[in-house]
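Written out below as structure tokens is the structure these notes cover.
It should be emphasised that the depicted structure is a prediction, and the values quoted were computed from it without experimental measurement. Just so you know, ligand 1 is whichever comes first in the structure, and atom 1 is the first atom listed for that ligand. Heavy atoms only: backbone and side chains are in, while hydrogens, waters and symmetry mates are out.
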Amino acid sequence: MTHRHPKAILFDLDDTILNYDSVADRSWKQVCEAVSPKLPGLGTQELFTALKEKAQWFWSDPDRHLRGRRDLLAARMEIVSSVLQSLEVSDLEICQEISVSYEKIRTELITPRPGAIETLQQLHRDGIKLGLVTNGAKEPQRAKIDRFGLEPLFDSIVIEGEFGIGKPDRSVYEHSMKKLGVNPRQTWMIGDNLYFDVGAAQELGIWGIWVDWRRSGLSKDSKVKPDRIVHLISDLVDPAQGE
Ligand SMILES: [Mg+2]
């Protein structure tokens with residue numbers, strides 16, 4: 001048995017199967033354009049830059065990340081209220097409006113990544129066991145799974161908000177492999193988060209594939225060395241990409 005022909009493939013959801021982080025900027029922009037008439041003296045660009053910077057800061061910390069992904073709206077509210085305070089805007093209604101409409105717009109903008117659904121369908125037809133391993137609260141993750149008809153394509157779906165623990169905890173991977181009846185040597189894990197999806201899986205002996213959707217390349221000082229790097233999951237079934 002080699003890793004060349006996996007019995008099972010575990011997939012991350014956001015930015016692996018669906019465009020998610022990649023729609024964040026467009027969502028902030030749309031919200032800023034919509035609310036800026038209500039904030040005289042404050043430029044759309046100034047508000048956009050401040051929100052983007054604060055959001056980057058918020059999500060860069062593991063503890064805030066864990067808290068935020070369990071309650072996205074609360075996270076948005078925390079980011080927006082902190083930005084408005086720094087811009088000396090003390091209007092709670094605007095804070096609520098920006099946070100709620102950001103969440104709504106961002107959800108609407110989510111789309112499958114090119115070829116993602118077709119790739120899952122093909123792998124499913126080929127008899128490879130497919131597992132979904134996604135962090136986040138139950139409701140938003142389930143809503144995306146339902147909206148894009150993903151459930152029938154997977155033999156196992158493990159959502160942090162349902163399982164109680166999220167990636168990179170090893171129990172998430174062990175639970176998924178147990179449900180699929182496979183061992184790490186028979187399994188690939190593919191995702192866009194270098195440590196959560198690739199490094200943590202590799203530590204268990206799973207073959208780790210990194211989805212470099214930003215096309216940024218692996219930094220020289222990266223501690224995680226993926227077994228393979230792709231831009232789209234369709235590269236897994238594209239003969240031109242080789243193995
Ligand atoms: Mg992801």
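- Side-chain N or O atoms of Thr16 include one that pairs as donor or acceptor with a backbone N or O of Asp192 at under 3.5 Å.
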Could you check Ile159 against Ile145 for side-chain contact (heavy atoms from CB on, under 4.5 Å), going step by step and ending with a plain yes or no? CA-CA 11 Å; Ile159 299 173; Ile145 291 164; 3.8 Å; yes

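- Residues passing the salt bridge (Lys or Arg N to Asp or Glu O under 4.0 Å) test with Asp21 are Arg106, sequence neighbours excluded.
- Proximity of a side-chain donor or acceptor of Lys179 to a complementary backbone N or O of Ser156 within less than 3.5 Å is not detected.
- In summary, of the residues considered (Gln141, Arg69, Lys167), a side chain to side chain contact (heavy atoms under 4.5 Å, CB included) with Glu160 occurs for Arg69 alone.
- Of all protein N/O/S atoms, those lying under 2.8 Å from the Mg ion (ligand 1) come to 3.
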Would you please test His175 and Ile165 for side-chain contact (heavy atoms from CB on, under 4.5 Å) and show each step? CA-CA 11 Å; His175 179 67; Ile165 305 169; over 6 Å; no

